[in-house]
Amino acid sequence: MGSLTKIARWIDYRLPVFSFIDHELRAYPTPRNLNYWWNFGSLAGITLVIMILSGIFLAMHYEPNVATAFDSVEYIMRSVNYGWFMRYLHANGATMFFIIVYIHMLRGLYYGSYKSPREVLWILGVVIFLLMMATAFMGYVLPWGQMSYWGATVITNLFSVFPFGEDIVQWLWGGFSVDNPTLNRFFALHYLLPFLIVGVVVLHLVALHQHGSSNPLGIERKEPRDSIPFHPYYTVKDLFGLGVFALVWAYFIFFNPNFFGEPDNYIPANPLVTPPHIVPEWYFLPYYAILRSIPNKLVGVLCMFSSIGVLFFLPWLDTSKVRSATFRPIYKWVFWSFVFDCFVLGFVGAHSPDFIHVTLGGISNQFLGQITTLYYFAFFLILLPILGKFEKTRPLPTSLSEPVLRKGKDRRAAVRILIFTFLMLSPVSATEPTAPLPHEVWSFQGPTGTFDRTDLQHGFQIYKQVCSACHSLKHIRFIDLAALGYTPAEIKALASEYKMPSINDDGEPAERPALPNDIIPGPYKNEKAARASNNGALPPDLSLITKARVGGPDYVYALLTGYQSVPPKDVQIPEGMHYNPYFPGGQIAMIPPLSDGLETYSDGSKPSVNQMAKDVVTFLSWVAEPELETRKKMGYKVLIYFIVFTVLMYIVKRRVWKNV
Amino acid sequence: MTEETVKEKTEPTRRDFLYLTASAIGAVGTAYFAWPFLDSMNPASDILAQSSIDVDLAPIPAGTAITVVWRGKPIFVRHRTPEEITAAQQVPLSELMDPEPDKERVKKGHDQWLVVIGICTHLGCIPTGNKPTQTRGKYGGWECPCHGSLYDTSGRVRRGPAPANLAVPPYAFVTATSIRIGTSEAAHG
């Protein structure tokens, strides 16, 4: 016996950690017939750990203050080493976590996993889900963009329907509106709640290991050969599942990081302007749809809370003695129609209440929401209790080890999970801009796109000569321009053209030449000065413009090239405004900024308006996503790694399971 | 640990190789996954960019020093008078607590410029003496207000409790009247 084993024994005799691990993770007897739907519990656990880990490191750089929160997130994205990776991992992680947990819950619903003796296991799961929703909501507030702010306002106002509602809401806010105290406490709670989740997860696992996992047949294990040890059988199966999951997650992090986000959240919070299309994150859309479908405020809020509250009573609402839907011919259909109903609710939530569904015979979105809400509750409160009494179930097998039932189940489950995941990714809102945008071809788009350095330098020239007269770039330092191909000497010379405010030795305000590490100074001292010079309009900062508008680069390009000097007959353009069909409302204060012959490039060419617009949009896209090239490059390495990992784990799994 | 250890009867097989490969791939992946998080705690790009600064020497009158901030630390840039240079050069090394000739503490041909990190080597206070009107102690350099350490006109410690001379940061002359602190290479431009 080695000395390590001796030490381990000595510790284990006093603190039985090793026996515990051996008993609960290795030898733990698990039903032999679990299919791929049973992968999602461990995936949820792994996701929780990754979320906490990335969250802790993000918190080292984030500043929970209304004055600096938005900028600190941009600082993470641009200056912190791998900051963009940590943030995209964390933000997309929330989406991944909900996909995993929704599948995990629906699996329980389909196979009746919540039935005796696993009622408490299920209830603990619902508690975890509630804590997750609170955590996700407060996390979404932290970047302090427009959606953060208005999401926080709307959700906290939900509590105003209760008795003493106004007082409750003020208590939640710590003021008379969502403001700095709100942001501070949300940050504190966003950091705390995940650890509470860990605590409840431990209880969830204790309850799970008391009676062991349920299984696709829904009958209890009777003989020893019904069980296999958790390790290596399920560890390797879970690792294979992890590989597939990581591929999906990594795709979004590296190649489509803002797919689930709203462009409006790249606009700093403004307490005086609500964005025109305010929608919650996709995972809240069904509840949001229930809230909106009911025309009475109190009833709507109560229904929304009940839609989750009803889950606590599920073990008693479902009266069927048979657990698995496999043997419940009618419930099976009721279940899938419930899943479909949830997707439709999500779809309803993503569209405005006035939206008319032409394909559905012209019914309004509100009406569709009401039908689906009705079905949602009917499923739990009417169908589940009644079905258990009247449904004629199919005969149950006598043993888990009856081989006939096992064949092919596993692979079918895997295929269904894939289809299901993609369905869940679909209900992302598509808001139509004012006029349909023409689509340009951009060098930096697509999975392999990169920025053309010449276009970037030309674009910077246009920015400097034209845009910067009214717009700022407050997240870009001169030194960042090195990425455009400028030398340190050129950057230093460029910086010295600008003046920075400073204080001289006598304490008087003075000016000094800008240094390479300074932010490129904007044209105005403050917002009032900017408005005064622009007919009351505020030229937006351009650091994030291609991320902060629906349509991104296409929108900015269309705006720059889409001015029409003669507006249509039915449009009245007031003095000082200009007609541009791509700008919401059609009236824009910005004068047409580009004209032919305005600039000469260093190669002597005279670019056309379209060429200038294209170059400057390329430059602004780089400004918004300077990490883009690094991100894609790293993405390929990560994808290749996880493909190898997944294939290997699949082969190992096949080997390990050969004789089961 | 379990009582029974299951021993493979056979020699290393293709299966063992497969398991080892899978474990190795997993371990390497985990290590790579940890790196972005650890690296995120290193200085960010804007902080690294501050790691060198340029100082214009022209406005510093002889006999005084200015304080500039480099990497969050005070740097004393002192324009020494001829008398101060002579005093620094002529003191015998045997009289010094931390013997170091003056010529190794300044750049060749720039004897009038002394650049030191302005942090007392005892416990981190900032010594006084940049302006002629401030207390400089009897060696004419700096005096630490916390525990009374004295430094001479070469920034060398002459009376404790400080154990070592004021440190000289890496720097180089860009032109005759400007230096770049943070790099010891002769700068180009």
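Bear in mind that the values here come from a model prediction, so they are computed numbers and not experimental data. Chain identifiers are assigned alphabetically (A, B, ...) following the order of the sequence lines, protein sequences preceding nucleic acid strands; residue numbering begins at 1 within each chain.
The side-chain heavy atoms of A:R655 and B:Y19, taken from C-beta on, include a pair separated by under 4.5 Å. Side chains of B:D46 and A:I479 form no contact here, defined as non-hydrogen atoms less than 4.5 Å apart. A:I56 is not listed as a side-chain neighbour of B:F37, based on a closest heavy-atom distance of 4.5 Å or more. Side-chain contact between B:F33 and A:L53: present, with at least one pair of heavy atoms (C-beta onward) separated by less than 4.5 Å.
Considering only heavy-atom pairs separated by less than 4.5 Å from chain A, the leading option among B:S40, B:S45, B:P43 is B:S40. Heavy-atom pairs under 4.5 Å with chain A were tallied for B:G26, B:P36, B:G29, B:A44; the largest tally goes to B:P36. With chain B as partner, the option from A:M649, A:R477, A:R78 having the largest number of non-hydrogen pairs under 4.5 angstrom is A:R477.
Atoms CG and CD1, from A:N81 and B:I47 in turn, are 9.5 Å apart once rounded to the nearest 0.5 Å.
No donor-acceptor distance shorter than 3.5 angstrom exists from the side chain of A:H61 to the backbone of B:M41, with no hydrogens or angles considered. In this structure, B:D39 contributes its side chain and A:Y82 its backbone to no donor-acceptor pair below 3.5 Å.
Contacts between A:L239 and chain B at a heavy-atom distance below 4.5 Å are absent for every atom of the residue.
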### Task
Could you go through the side chain to side chain contact (heavy atoms under 4.5 Å, CB included) check for A:V652 and B:T21 one step at a time?
CA-CA 10 Å; A:V652 174; B:T21 314; over 6 Å; no
